[in-house]
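Data first, discussion second: the structure below is written as structure tokens.
Throughout, numbering of the chain's residues begins at 1 and tracks the sequence. Predicted model, so just to flag it, every value in this text is computed and none were measured.
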Amino acid sequence: MKAIYSWTLAVIITLIAIFFQRNTGPSHPGKQLMEVNGTSFKASFPRSMERPRDKTSDTKLTVSLRSKDNAEDRIIGAILYYKRFPGNDNYTAVVPSFSLDKDKLLIDCMIPVQPAAGKISYYLQILGKDGTTVNSQETILRFRDYVPSSVLMLHILLIFFAFLFSNFTGIYALSGNTRINRFALVTILILIAGGFILGPLVQKYSFGVWWSGWPLGGDMTDNKTLIAILVWIVAYILNKIPFSSPVICRWRRYLYLAAALVTIAAYSIPHSTAGSEYDYQTGTIVTGQVISLETSNTIQ
């Protein structure tokens, strides 16, 4: 298989993975469809929020609604209900303010700032002009601290190129090219830089924790990065060790294909699954929580 075909296929796989990660990651709002007074509204609920520099004040949570026929006049009011998560607190009700931004209705609510990795669960109750009320699904919102854009962008770029080289090396292994080891080495070095150096740095800025994967915790993002790096290192070592058996020498390059498939499986796990979470009882950050930034069941 020629290199150009391998690169093309690797780019396609990488772009598909980026699209998937973007739509499942914590920076992507939860999307819901709400029926109000005979009109469908596409609602967008934030699932991640940066804490303001003044960490003791309230902060603004904005839920946006959009309809095809701009039927915002069919809504006469709304109430936001929130509580700390996890815990047994009662919901607190907030009456929001409304504003229009082109074709979107913005519902702005003031909520208390939580600690880094602290979460709240919230849902929105919309009051229709016809007297009906509609509740959204419950959404989990996690707070994080400021991450310098240069650090975050470099981390994203390195992870992108690490996945790109991983896909290319795995696909190129099918061609039987004997110079494939150099691409595997580049994959390992970029994975280490993006996942083991800049990844913990981003997490330190965000939640005050350098590493929350094994053996210190159960953070899935850290653990899947660790697994991908270890698999690639093992595949590289086994391809560099001299073997007398021609059969082993001929087939060991397919270990890179196996490593690439493991990396794809790791990348398919949504970002921040079982991530850091603030424990309000102990005042510490815990990891490995199954419920993370996903939308939970509908509240009736």
Taking only residues at least two apart or on different chains, which pairs with a member in residues 228-238 satisfy side-chain hydrogen bond (donor to acceptor under 3.5 Å, both in side chains)? Ser166-Trp232, Trp232-Thr263
Measure from the side-chain N and O atoms of [X] to the backbone N and O of [Y], and report whether any donor-acceptor pair falls under 3.5 Å.
X	Y	value
Thr14	Ala10	yes
Asn167	Ala260	no
Gln32	Gln137	yes

Cluster link Val11 to Ile180, ILVMFWY, side chain under 4.5 Å: yes
Are Leu189 and Leu164 in one and the same hydrophobic cluster, where Ile, Leu, Val, Met, Phe, Trp and Tyr link if side-chain heavy atoms are under 4.5 Å apart? yes
Give the intermediate values and the outcome of side-chain contact (heavy atoms from CB on, under 4.5 Å) for residues Lys31 and Ser44. CA-CA 5 Å; Lys31 304 294 184 181; Ser44 178; 3.2 Å; yes
Taking transitive links into account, so neighbours of neighbours count too, which hydrophobic residues share a cluster with [X] at under 4.5 Å side-chain distance?
X	value
Leu106	none
Ile12	Ile16
Val262	Ile227, Val231

Counterpart residues, side chain to side chain contact (heavy atoms under 4.5 Å, CB included), relative to [X] (two or more places apart):
X	result
Ser121	Lys83, Phe85, Tyr91, Glu138, Ile140
Lys129	Asn37, Ile76
Thr59	Met49, Pro52, Ile111, Val113, Phe143
Ile190	Leu158, Phe161, Ala162, Phe165, Val186

ring-ring contact (aromatic ring centres under 6.0 Å, His included) against [X], all qualifying residues, sequence neighbours excluded:
X	result
Phe196	Trp211
Tyr205	none
Phe160	none
Tyr254	Trp251

Which one of His28, Lys119, Arg142, Arg144 satisfies the side-chain hydrogen bond (donor to acceptor under 3.5 Å, both in side chains) criterion with Ser48? Arg144
Within this structure, what is the CZ-OG distance for the pair Arg51 and Ser206, rounded to the nearest 0.5 Å? 11.0 Å
Using the ring pair (Phe, Tyr, Trp, His ring centres under 6.0 Å) rule, take Tyr122 and Tyr81 through it: C-alpha gap first, then chi angles, then the decisive distance, then the call. CA-CA 5 Å; Tyr122 71 95; Tyr81 295 90; over 10 Å; no
Counting only heavy atoms not in Asp130, do more than 12 sit closer than 6.0 Å to its CG atom? yes
State, with a plain yes or no, whether a side-chain heavy atom of Tyr82 is found less than 4.5 Å away from one of Leu61. no
So, applying side chain to side chain contact (heavy atoms under 4.5 Å, CB included) with Thr169, which one of Leu257, Thr187, Ile188 is it? Thr187
Does any donor atom in the side chain of Thr139 or Arg47 lie under 3.5 Å from an acceptor atom in the other side chain? no
Distance-only donor-acceptor check, side chains Tyr256 and Asn181, under 3.5 Å: yes
